[in-house]
Structure formats: structure tokens, C-alpha cells
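The structure under discussion appears below in the form of C-alpha cells.
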Amino acid sequence: MFEKKNNQTEEAGTGQYSDLVVRAGLAEYSDVRGCMIIKPYGYSIWEKMQAVLDKMFKDTGHTNAYFPLFIPKSYFSREASHVEGFAKECAVVTHYRLKNTADGSGVEVDPDAKLEEELVIRPTSETIIWNSYKKWIQSYRDLPLLINQWANVVRWEMRTRLFLRTTEFLWQEGHTAHATKQEAVEEAETMLDVYARFAEDFMAMSVLKGKKTPYERFAGAEETYCIEALMLDGKGLQAGTSHFLGQNFARAFDVKFSTKEGTQDFVWATSWGVSTRLIGGLVLVHSDEKGLCLPPKLAPIQVIIVPVYKKDEEKLPVDSVCREMLLKLKEEGIDAAYDHSDTRSPGWKFSEYELKGVPLRIVVGPKDVANKTFEIVRRDTREKSFVPVQNLLSAVKDLLQKVQENLFRKSVEFREKNTTVEENYSHFREVIEERGGFILAHWDGTAETEKKIKEETKATIRLIPFGDQEPGKCIVSGNPSTGRVVFARAY
RNA sequence: CGGGGAGUAGCGCAGUCCGGUAGCGCACUCGUUUAGGGUGCGAGUGGUCGCGGGUUCAAAUCCCGCCUCCCCGACCA
């Protein structure tokens, strides 16, 4: 998409993002402003993401729980910067009953059914969870507390986009409590690594890891870590965040514990999350002019089998070969599907499954039946080959792995190709305007400079890379800088 | 919240200026033909024209009010 734009050929830019999401059957618009309907095909991707992530969370010692959707308003006022960060986008429940209108034309809110205390619909669950943690934690023996929840949250956004930013979205939020600062920081780092591994190994999406500037930090956090990916249109996408919350929520909710030494101390906290936004990332990282291109490890359908035949007497042998293949693939745990509907032509099916991003297509026709072969086509390179039927499993497994690897390799190459190092601010502005991408530049560490760049270029500091860096001079102010940071326009 | 666009068949749209039997493409149904890259042909089903009020013999069309959605700008995962 991004490359096409520069070549002035057919453009598949972000204007077409929403269209692609809809046409591929991932989601559609709801009549409710800013909300979307995640359709079965899109939801299947989410289910695969959930399965993988959930296992990763369990493997790192976490367990799942569920906390209420409604948060008493008073909980919110406990942590000052948290309130400030979310107050502007909270939906609030004020009444609990409807009644028929006097003229019988419909229903209205019953003014007599006003809530004593209004309920905020969770934009995130720190407050209600820490209210519980207070009751759960007495001693160092109760720590660490490692909990995750899969939930929906609501943030009243002004501008929405399918998957990337919707009023309601699905996510997971981990909330942990620890006895020491070091342990909490390590937890936040561990979970960031989990996210990075998920993005690269499963989504085939190259990411950068780092921490946020104070200005971009999560409301209520001491430190926010993030993974950031580069989309094909040259914009950055925050794909996951992990926060070291210090003792802020412990103080706000008075969560103290007895140490081994018998003293009292506030608990150290983290929280971390990824959302259905990742599905938007998948689309913006792997699509081409034909449609989506899903990484095999997350594709709802990994292999689609399409039969081809002319006459009725050809149908039966083709059909039985296809069914046999389907069975064999399924037995191996491969998510294969066989589109035997004869109301669509093969050509139609080819286009449809390419649009949907199915990694591999197997085509079987009379000629193949005679030769005991089948045709197999990779979605990523559209490369065709003919394979003896007896090699079905090895060929499919091999190609699924190759597609997965190739997508990731392309994502890494794209990110590298579109990451530039800039010393000169006017050139920086040109690059941001004309080709986008990640820009590595020196920054003096002040919020003023950060704001100025944002106002003038719409680019923000996506992250401060980990590790030691070469000092230099700020690209705007010329003041000393301790290292380069990553700039980009972002979703 | 500011600016722009739009609400007419499941979807995409024309018709609105200039009032006079509600149309086109896709989808859908039936028939037929076809099938190795979104088959061709024929017939058919499907509408409180976003909602409410007004003007008129007559309103998708004119007038008044309201609602909703999408796109572009200031906040955020």
C-alpha cells in the first residue's frame, strides 16, 4: 500500500482500510455510533489470538478472573492522574429503569429511577480491581498476585475506525501486585516481551520495544513500556502496552501488606493489555492489492480447497479426492476448509479467498485426479506448484511455515527500509510529510519540544528505545540529548 | 465540538434543481448455459423514499423541525 503510493500505481492506502475490513468480512459498522460488529471471520482471528496469548499468560504464572463492567464513580476520584486521563471519555450510567411514554409512542428514561451513585462503564479496570486487591492482600504471603481478565471496555472516542479505535472494544488487561519495586518492574518487562514475541512469532509483525515519554504515558503509571509496529502506509501503531504503576494505586486504595520483617508497605503494581486493535494491525501490515494476507498461525482458514470440474461425471472423482485431503489435513490439526458449493465458479472462489487472506489454496481438477497431483498456491507470493497427492501433508506444513516466515521477513524489511535517521529538522518534516515511517532523531527530553514537533508535523514520539544510546543534539532546540527516540505519525 | 458529505430494495447508487404510476447495477429466486481466475442469457421477488409536521388535487421531490451515520481537524490502546 505504502510502496504503491510512491509508485503512483493502484493505491491501496488507508482510505481503503475500512473498505477492506468490511469486504473481507472481518467486521461491519453498527448503527451505534463508533461501534462495530465483529463478524465470524474477524472474531475467529480474535479467538486464535486469545488462545495463544492466554497460554502465554498462564505459562508466565497468571490466572484469569472477571471484574464488573460498572465502576462506582467515587472509585475514579481516588487516583488523580488516572481520573484526568480518562474523565473525558467515560460513559456513565445514571438511571436503572425505563417507562412507557405518556402518549404510548415508546419508552423513556424514568426520572424516578436515578442512581444514588452513578456508575462509570469501565474504560479500564485498575480502580475496581485495586478496590478488591485491598481485601485480598494482607501479607507478603499473598504476593505476588498475578491476574488477567478478558473483557470489553468503553472509551468515548471522538473519531473512530474499525478495529483501530472504536468506542467499545475487546481486550485483555493484566493486573499484578508485588512486594518489591524490582519485581513489579520485571513483571512489566516480562509482559512486554510476551507481547513482542506474540507480535513477531504469531502476527508476523515486526515491532520495536521501548518506553513512552511522560507525555504519552498511561494515566496513573510511573513508566509505560510499549511495542510499536510500522504500518504499510508509513504510520506507527501502538500494538501493546505494559505499565509499571509504582505504588500509585496501592496508595489510592490503601493496599498495604506486612513484610517478612513485620513492617507495613504499599504494594507495587503493574498492568498490561492488548486489544482487538491488533486485528487492524494485521490488516495494515500484510495486505496487498488483492486483499488481506493472514499469517498462517492466526488465519481462521489456513488452507482452502477448491474443486474444478466441467462435466457431472468429473465431479465425483474430484469431490472424493478433495474430501480425502480435507480429512487428512484436519487430522493433523490444520485448519482446512473445502468449498464444494457449486453455486460459485472456481474463479470467484479464488478471488474471494485471496480477499480473505487465506494463506494456502489447493485446487483439484480432473487433470490433477488423473495425475494424482494437486495445485497449491501461496497467498503471499501467489506462487503456484503442482504436488503429488501423497506429499500433501509435508507440502502444506512446509508452505504454511514458509508463508509465516516470509510475512515476518517482509515486515522486518519494510520497517528497516522505512526507518530513517535524521539530524536536520526541515528534512525531518519533509520525510514525515512525504514518506512517513519511523524516524530516529535526537530529542532534548522536554515536553515543550515534544509538543512543538507534534503541532508542526503531527508526528509523536512513539517510544524511547531501551539500552544505552549515543548522546547528541536535539533536532529542534539543539540542546543536549541523551539518545535518539523514535518519531512517527501514529494511529 | 468545528467543517464537509450522506440517509430511496440486503448492498452500492440515480431520481430532488423543475411535484404527476419509484428506477438502475450487484445480490437474491427460478430456468438455462458455464466451470483451470469474480461465466453468459432469459424471467422473477423485494420499497412505511431516515422520523415528525406543513403546503398542494397530488410530495422521494417544496417549506419547518428532529434523528442518525460516514469522512476531515483538537484527545487516546
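Lettering of chains follows the sequences in order, A, B, ..., and the numbering in each one begins at 1.
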Can you check the K315(A) NZ to U34(B) P distance for me, whole Å?
-> 16 Å

How far, in whole Å, is C70(B) from C24(B) if one measures between their P atoms?
-> 31 Å

State which of G37(B), G38(B), C72(B) makes the closest approach to the side chain of R161(A).
-> C72(B)

Between CH2 of W348(A) and P of G38(B) the distance, given in whole Å, is 13 Å

Distance between P atoms of C62(B) and A6(B) (Å, rounded) = 13 Å

Under 3.5 Å, is there a donor-acceptor pair linking the side chains of E173(A) and S125(A)?
-> yes

Base partner of A27(B), which must satisfy Watson-Crick or wobble distances under 3.5 Å | none

Verify, without hydrogens or angle tests, whether R462(A) (side chain) and A229(A) (backbone) share a donor-acceptor contact under 3.5 angstrom.
-> no

Whole Å only: how far is the CZ atom of R361(A) from the P atom of G37(B)?
-> 10 Å

note: D368(A), atom CG; A35(B), atom P; distance rounded to Å ~ 16 Å

Do the ring planes of Y425(A) and F428(A) sit parallel (below 30°), tilted (30 to 60°) or perpendicular (above 60°)?
-> tilted

When rounded to the nearest Å, what value does the distance between C1' atoms of G12(B) and G19(B) take?
-> 27 Å

Say you pick atom P in G54(B) and the same atom in A60(B); how far apart are they, in whole Å?
-> 15 Å

Please work out which of the three classes, parallel, tilted or perpendicular, describes the rings of W46(A) and W150(A), given edges at 30° and 60°.
-> perpendicular

In sequence, state the C-alpha distance, the side-chain angles, and the governing distance for F249(A) and H175(A), and then conclude on ring-ring contact (aromatic ring centres under 6.0 Å, His included).
-> CA-CA 11 Å; F249(A) 285 92; H175(A) 296 274; 8.5 Å; no

How far, in whole Å, is C41(B) from U33(B) if one measures between their C1' atoms?
-> 8 Å

Would you mind checking if D233(A) and K235(A) are paired as a salt bridge, meaning a charged N to carboxylate O distance below 4.0 Å?
-> no

Going by atom types alone, do D319(A) and Y309(A) pair a side-chain donor with an acceptor below 3.5 Å?
-> no

Taking CD1 from I362(A) and C1' from G36(B), how many angstroms apart are they, rounded to a whole number?
-> 15 Å

For A9(B), the Watson-Crick or wobble partner whose two distances fall under 3.5 Å | none

Send over the distance from R23(A) CZ to G12(B) C1', rounded to a whole Å.
-> 13 Å

Who is the Watson-Crick or G-U wobble partner of U56(B), with both distances under 3.5 Å?
-> none

NZ/NE/NH1/NH2 to OD/OE distance under 4.0 Å, E354(A) and R361(A) = yes

Report the relative orientation of the aromatic rings in W272(A) and H62(A); use parallel for angles under 30°, tilted for 30 to 60°, perpendicular for over 60°.
-> perpendicular

What integer distance in Å separates E289(A):CD from G38(B):P?
-> 17 Å

Both distances under 3.5 Å, Watson-Crick or G-U wobble: report the partner of C66(B), or none.
-> G50(B)

Taking only nitrogen or oxygen atoms into account, show me every contact under 3.5 Å that the protein makes with nucleotides 73-77 of chain B, one pair per line with its distance.
{"from": "C76(B)", "atom 1": "O2", "to": "R165(A)", "atom 2": "NE", "distance (Å)": "2.7"}
{"from": "C76(B)", "atom 1": "O2", "to": "R165(A)", "atom 2": "NH2", "distance (Å)": "2.9"}
{"from": "C76(B)", "atom 1": "N3", "to": "R165(A)", "atom 2": "NE", "distance (Å)": "3.4"}
{"from": "C76(B)", "atom 1": "N3", "to": "R165(A)", "atom 2": "NH2", "distance (Å)": "2.5"}
{"from": "A77(B)", "atom 1": "O3'", "to": "Q238(A)", "atom 2": "NE2", "distance (Å)": "2.2"}
{"from": "A77(B)", "atom 1": "O2'", "to": "R277(A)", "atom 2": "NH1", "distance (Å)": "2.2"}
{"from": "A77(B)", "atom 1": "N6", "to": "T166(A)", "atom 2": "N", "distance (Å)": "3.4"}
{"from": "A77(B)", "atom 1": "N6", "to": "T166(A)", "atom 2": "O", "distance (Å)": "2.9"}
{"from": "A77(B)", "atom 1": "N3", "to": "S275(A)", "atom 2": "OG", "distance (Å)": "3.4"}

Considering only the P atoms, how many Å lie between G7(B) and A14(B), rounded to the nearest integer?
-> 7 Å

Winner on side-chain proximity to E354(A), out of G38(B), G37(B), G36(B), is G37(B)

Watson-Crick or G-U wobble mate for U34(B), both contacts under 3.5 Å = none

Short side-chain N/O contact to G7(B) OP1/OP2 from Y29(A), under 4.0 Å = no

Inter-nucleotide C1' distance (G25(B), C69(B)), Å rounded | 23 Å

Assigned partner base of U16(B), Watson-Crick or wobble definition, under 3.5 Å = none

Please figure out whether Y309(A) or E352(A) has its closest RNA chain B nucleotide nearer the 5' end.
-> Y309(A)

Could you check whether R382(A) gets within reach of a base, just the sugar-phosphate, or nothing at all, counting any heavy atom under 4.0 Å?
-> base

From G38(B), A35(B), C28(B), nucleotide with atom closest to R344(A) side chain | C28(B)

G52(B) and U45(B): how far apart are their P atoms, nearest whole angstrom?
-> 28 Å

Looking for any heavy atom pair under 4.0 Å, which part of the strands does K367(A) touch: base, sugar-phosphate only, or nothing?
-> base

M36(A) CE - C69(B) P separation (whole Å) | 16 Å

